[in-house]
Each structure stands twice: as structure tokens, then as C-alpha cells.
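Protein chains get the first letters and strands the later ones, always in sequence-line order, with residue 1 at the start of each. Heavy-atom basis, side chains included; hydrogens, waters and symmetry copies ignored.
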Amino acid sequence: MPSLPQRKVGIVACSGEELPGGTVTRLAALKVLEELRPSETVTICLPLFLAGGEGDRAFARFYPTIAVDGCERRCAARATELHSNKPAAAFTVDEIVTRRELPQPQGTRRLTPESRAVIDALAEEIAGEVDHLIAVRWSRSQGAILEPEASSTAVETSACACGSGIPVTTVQLDGRSVQILALAPILELAYGQGLRADGSFPDQIMATVRLYNAIPGGDETLWEEAVAVAWREYCAGKETRHGA
Amino acid sequence: VSEQSSEVRSRVCIVPCSGIGKTYGSVTREAAYVLTEELQPETTEIVPLSLLVLGDEAAQEVVRRAQVITLDGCKLACASVNVRQAGGAVAREYAVLDFYRQHRDLKPGGIAELNEGGRALARELAGEVAGVCDELAAEEVNHA
């Protein structure tokens, strides 16, 4: 069985254009993404939470995120929780400035050279949190860090080609290969909620699948059949492992 | 006439896409800064998209009342979508990719720091948007 894709940590920066802190969050996030932890992180676009970014919402629902805010309004942290899931960690520029006794950043379009220290410090803190989140066990069904004794699960999946780290499951529909976004964690979530394959196919599974996938008109029945098969196989796999 | 116009004229809201991971997002941000800091600082202002995403009442009220010009970095058009979801009317929307197709000599590159082409494209975009702001202001005066 293929292994899970490497876990990624999503970074959500407020990127507010009207204040220095917003520029600091953007540049610090970019430093982590491009220099410090390029293999372990992805950027999550905050406005996409509302503009139809199913991939971004799904990622933050099932994978750990770090919210980085430029002011106490904490738009990134609050919007991530509002539209997807509570961030695994959150930073504000002010807390870094205070804790490290750094000068307040100045400038918006172009930060002053002195502000560079704040960017570096914030990027360093984010990278440290990325390392922590990669090291701990993460429950995709609960969207939270697991206790050390909790058991791990494995599902058949691969990483989405968009590079977001979202698992996709490929199914055959009438001879066509179709990719279903986030199916594996959705099944894991349903199973964790106590649903089983011993009765009718639970409606809430398809409802969640629809949330993260745009099902073409006319394909609804085929999708439901494919998801139902995947659900039965998933449950059978769980029962086999528990019985072993 | 000029003084009367400036009295009547309200600020035009500029909403760049605020994407952080791609060059075209950086172009929208730079264009917004050029416009609001250099070309029309008295008559334009940036409304941060993050506040609209959060559902900030004050930011929503601003885009509902003002003329809004959106600058989007990709086809998902987050700025335009979020302004409309906040109840605002988009007076003019720009997609940087389309704008670049009309200015292929200004090829943008870089994200944290735009290259020369990116900065030039942003300045060109800001200049065009400034013209639109003037048109909107003239319409506003005519309707007043």
C-alpha cells in the first residue's frame, strides 16, 4: 500500500498591505517557504478561503497550519478558524518584537533596513514551529496534535499535483480516471465519528465530498457509487487491522 | 472647479489580491502602492483583503459605500470575489495576467522583490488605474 504523502505545514500570512506588520508577515512567510523549510511548507492563500479555494480550505481542515498576523486583529488566525479549522500555532509580529526586544518595523511598501531583524526573527520562530509540527503526530480527522499513544492510520492515496499536499484518490468512472480531493481524510473523519459500512451509505460522507469537490452535473450517481465502494473498502481495512 | 471637485470627491478603494506566493500577486500589491502613495495619495486608499475575508464590519462598510477597483493576480479573482461577497460593487476589475498580455515587453519576475519588468508593469497598471479613478471622480461630480 502506498504511504501517505509527506506531511506539509501550511502557512497563512495576513499580508495586510496597510501596516508594516503585514509586510513583515508576508516576507517572513516567504523566507520560510523559499529558504528555511521549502520541503515542509506550503502557502495558504487567505482570500481563497472565501473565493472558492476548495484545496486551501481542505488543507487547513485536515493539516496543521501556522497563522502569522501583523496586528492584534489577527485576521489570519481568526479567518482560518472561521472558514476551515483552528490553526495549530499562531504568531503575531508584536509578540515577536516584544519577546526579542526588537525595534518596531517601519514602512509598508518598503520596510526600513532595521525591520529586517523582525522578519528574520519571525521566520526563525515559524521554522521552529514547523519542525515541531512535523515531529509530532497529527490527527487529520481531529485537526489536532495526537497524544503520543494514539494509533496511526494509513490510507491509499497520493499527493495532489497542485503541490498543496492534499491527498487525492483516483477512481475509475465509466472508464475515466477521476481524482477525488481529500477523500481519504474524509473517510477517516467519518470512521472516527463512529460511522460504519454495515448499513446504508452515510449521507454526510457525500456532503463532505461535495464540499471539497465540484462534481460535474450528471456524474453525481457515479461519484456516489465510487465513494461508497471506497468507504466499504476503507471500513473493511480498518476492521481487518483491528481484528489482526 | 478643481476645489469643488476635491471637496465632493470621495476616496476610491483599491483592493489588490494579496497573494503572497506568485509574481502576479506581487505586481498587484506594488501597483496599489504606486497608486495610493505616489500617483493619487489624496483620493485613493488600499483596503486590505484580509479584513474582508475575516468579515470585518468596518472594512465591509467601506467597500459598500465607496467606488472599488480590484487588482487580481490570478484567474480565481479573490479580490473581486471577496469585495462582492462583502456587498461591495466593483467599479472596475483588473486581472494582471490580461494586463501583461497587453504589455508583453514588461515581463514580471520575483516575488518578495519584483524584477525591473515587474515594477514597470506595476507602474503601468497603476497609471491606467489612476486614469480610471479620474473617470470615476468625474462621474461622481456629474451626478452630485
I need the minimum non-hydrogen distance between B/Asn82 and A/Pro47, along with the two atoms involved. ND2-O, 3.2 Å

Taking heavy atoms only and a threshold strictly under 4.5 Å, list by residue number the residues of residues 103-121 of chain B that touch chain A; give 'none' if the list is empty. B/Ile111, B/Ala112, B/Arg119

Greatest number of non-hydrogen atom pairs under 4.5 angstrom with chain A, of B/Ser80, B/Ala79, B/Cys78, falls to B/Cys78

Need one label for A/Thr23: side chain, backbone, both or neither, based on atoms under 4.5 Å from any heavy atom in chain B. side chain

Looking only at B/Ile46, B/Val47, B/Val34, most heavy-atom pairs under 4.5 Å shared with chain A are made by B/Val34

Does B/Val53 offer a backbone N or O that forms a donor-acceptor pair with the side chain of A/His83 under 3.5 Å? yes

Between B/Tyr33 and A/Glu17, which heavy-atom pair has the shortest distance, and what is it? OH-O, 2.5 Å

Just wondering, more than 12 heavy atoms not from B/Arg65 lying within 6.0 Å of its CZ? no

Counting heavy-atom pairs under 4.5 Å to chain A, which of B/Arg84, B/Arg29, B/Glu30, B/Glu45 comes out on top? B/Arg29

B/Glu37, part contacting chain A, at a heavy-atom distance under 4.5 Å: side chain

State, to 0.1 Å, how close B/Ile20 and A/Ser15 come at their nearest heavy-atom pair, and which atoms those are. CG2-OG, 3.5 Å

Over all atoms of both residues, closest heavy-atom pair of A/Thr43 and B/Gly21: CG2-CA, 4.5 Å

Supply the atom-to-atom distance B/Leu76 CG to A/Cys45 SG, rounded to the nearest 0.5 angstrom. 8.5 Å

Rounded to the nearest 0.5 angstrom, the CG-SG distance for A/Leu46 and B/Cys17 is 11.5 Å

Take B/Ser50 and A/Arg73 through the side-chain contact (heavy atoms from CB on, under 4.5 Å) test and state the conclusion after the steps. CA-CA 10 Å; B/Ser50 50; A/Arg73 288 200 244 192; over 6 Å; no

In Å and rounded to the nearest 0.5 Å, what is the SG to CG distance from A/Cys71 to B/Leu51? 7.0 Å

For A/Asp203, I'd like to know if atom CG has over 12 heavy atoms of other residues, nucleotides or ligands within 6.0 Å. no

